[in-house]
Asker: 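Okay, here's the structure, questions in a sec.
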Amino acid sequence: MPYLTAPEALADLLPDEPRFRSNQLEHWLYRTPVLDASLMTNLPGHIRERIGEALWPFSVEVDQTADGGKTRKWLFRTGDGASIETVLMGYPRRTTLCISSQAGCAMGCSFCATGQFGFERHLRAGEIVAQVAYAAASLRAAPITGVPPRVTNVVFMGMGEPLANPGGVFEAIRRMIDVMGISARAITVSTVGHVPGIYRLADTPWSVNLAVSLHAADDALRTRLVPLNERYDIGAVVEAASHYFAVKGRRISLEWALIAGTNDTEDQARKLAAIARGLAAHINVIALNPTPLSADRPPDAATIRSFMRTLRDEGANATLRDTRGQDIDAACGQLRIRSAASEQRERAQEADHATDEG
Ligand code: SAH
Ligand code: SF4
């Protein structure tokens, strides 16, 4: 499994071959990724055949497009059955790839589909980086009109809490920056507020962007939405983010999923604006994507407008983010819904079948 092997150790996969073969393999994996080993044209046939089916550390279970072809979504499945979701969003001057750091998530945020389905396991560095390589290979094989033919930006906003998996995530970041040539400033780690993880990220050599999923501006409300707040409260999270900003000089973003009747009030907007001003942070607001296991809904358009207006009146920098790929349930961070629903349907059908036959 080449992607599960560190680039420096690829030679171990080809023990009987000259050294330059592993450099060629590294080129096809990390610099100019291809979908299929048969496309690794300068490698001899016997090596391509040996790599063959083992090229990717997962199989492709779902491959969908939306937004007139500008959004692509994949559901990958590892050999041990873990699901990995990845979304590519194309724009005129950039492509943003939303990747997963864990299969499932243990944090249990009430409004999040991933949280509602629980934790499967950490993803290995190779499984994280292979999502980037797969999207890059897909873009080269089938470019999107009017969109750069490479992955320019990567956000850890798929499934999982990246800072709960520092081993896998930090090594994946190293490979993206040092081997794939993606700029640190084009990578964003999104965290629910894993305080020790933020300090560890500040200690790494890479100045990646940090997004903090805040969602509530007082501890009572935040603990209801984000159980981890009980362990690391808003004060501790803001202090860690402030440390990160001081060390890296990269502006922090605060993420806020607007939930009707919950965190969409003027009071919350004022408190959020004060936190953002103190951190010199940018606020990204997204209207909640409804999930199957929760009755939470996004506010109406007028409430969203008024929330945004209060943030700006209070002197905060804020953007209302679009929910790309909604027609395929692929808004970043929300990739699981359709697949879980269809799994349930399939299981129901199987059960039906069993009854028919019985
Ligand atoms: N665990 C990390 C990163 C993955 S979640 C984190 O929580 O930051 C990526 C983003 O999607 C987070 O900002 C998260 O709050 C947001 N999100 C989760 N569920 C959502 C939903 N139902 N609607 C809108 N955004 C959601
Ligand atoms: Fe996990 Fe992030 Fe979802 Fe919370 S919002 S359950 S931390 S993926």
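Reckoned from all heavy atoms, side chains included, excluding hydrogens, waters and symmetry mates. Whatever order the structure lists ligands and atoms in, that order sets their numbers, starting from 1.
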Asker: Is it true that a side-chain atom of Thr95 and a backbone atom of Thr152 form a donor plus acceptor pair closer than 3.5 Å?
Answerer: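 Yes: the side chain of Thr95 pairs with the backbone of Thr152.
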Asker: Please enumerate all residues that pass side-chain contact (heavy atoms from CB on, under 4.5 Å) together with Thr319, with sequence neighbours excluded.
Answerer: His282, Asn284
Asker: Which ligand 2 atoms are under 4.0 Å away from a heavy-atom of Met107?
Answerer: 1 (Fe), 7 (S)
Asker: Each residue besides Leu4 in its hydrophobic cluster should be listed here, by chain and number; the cluster joins Ile, Leu, Val, Met, Phe, Trp and Tyr at side-chain heavy-atom distances under 4.5 Å.
Answerer: Met1
Asker: Compute the minimum heavy-atom distance from His215 to ligand 1 and say whether it is under 4.0 Å.
Answerer: yes
Asker: Any N/O/S atom of Cys109 sitting less than 2.8 Å from atom 3 (Fe) of ligand 2, backbone or side chain?
Answerer: no
Asker: At a non-hydrogen distance cut-off of under 4.0 Å, which region of Glu255 contacts ligand 1 (side chain, backbone, both, or neither)?
Answerer: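 Near ligand 1, Glu255 shows its side chain, while the N, CA, C and O stay back.
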Asker: How about Leu139 and Ile144: do any of their side-chain heavy atoms sit closer than 4.5 Å?
Answerer: yes
Asker: Gly158: heavy atom below 4.0 Å from ligand 1, yes or no?
Answerer: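 Yes; Gly158 lies near enough to ligand 1 that a heavy-atom distance drops under 4.0 Å.
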Asker: Can you check which of Leu258, Asn289, Thr191 brings a heavy atom nearest to atom 24 (C) of ligand 1?
Answerer: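 Looking at heavy atoms only, the winner is Asn289.
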Asker: Which of the atoms in ligand 2, numbered in the order shown and given with their element, are less than 4.0 Å from a heavy-atom of Val192?
Answerer: 7 (S)
Asker: Using a strict cut-off of 4.0 Å, indicate which atoms of ligand 2 neighbour a heavy atom of Gly115.
Answerer: 6 (S)
Asker: Going by an N to O cut-off under 4.0 Å, is there a salt bridge joining Arg309 and Glu266?
Answerer: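 No, Arg309 and Glu266 are not salt-bridged.
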Asker: So, 4.0 Å and heavy atoms of Gly160: is ligand 1 close enough to count as a contact?
Answerer: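 Yes, that is the case, since the closest heavy atom of the residue is under 4.0 Å from the ligand.
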Asker: With the threshold set at 4.0 Å, does a side-chain nitrogen-carboxylate oxygen contact exist between Asp267 and Lys271?
Answerer: yes
Asker: Out of Cys105, Gly160, Ser190, Gly158, whose heavy atom sits nearest atom 1 (Fe) of ligand 2?
Answerer: Cys105
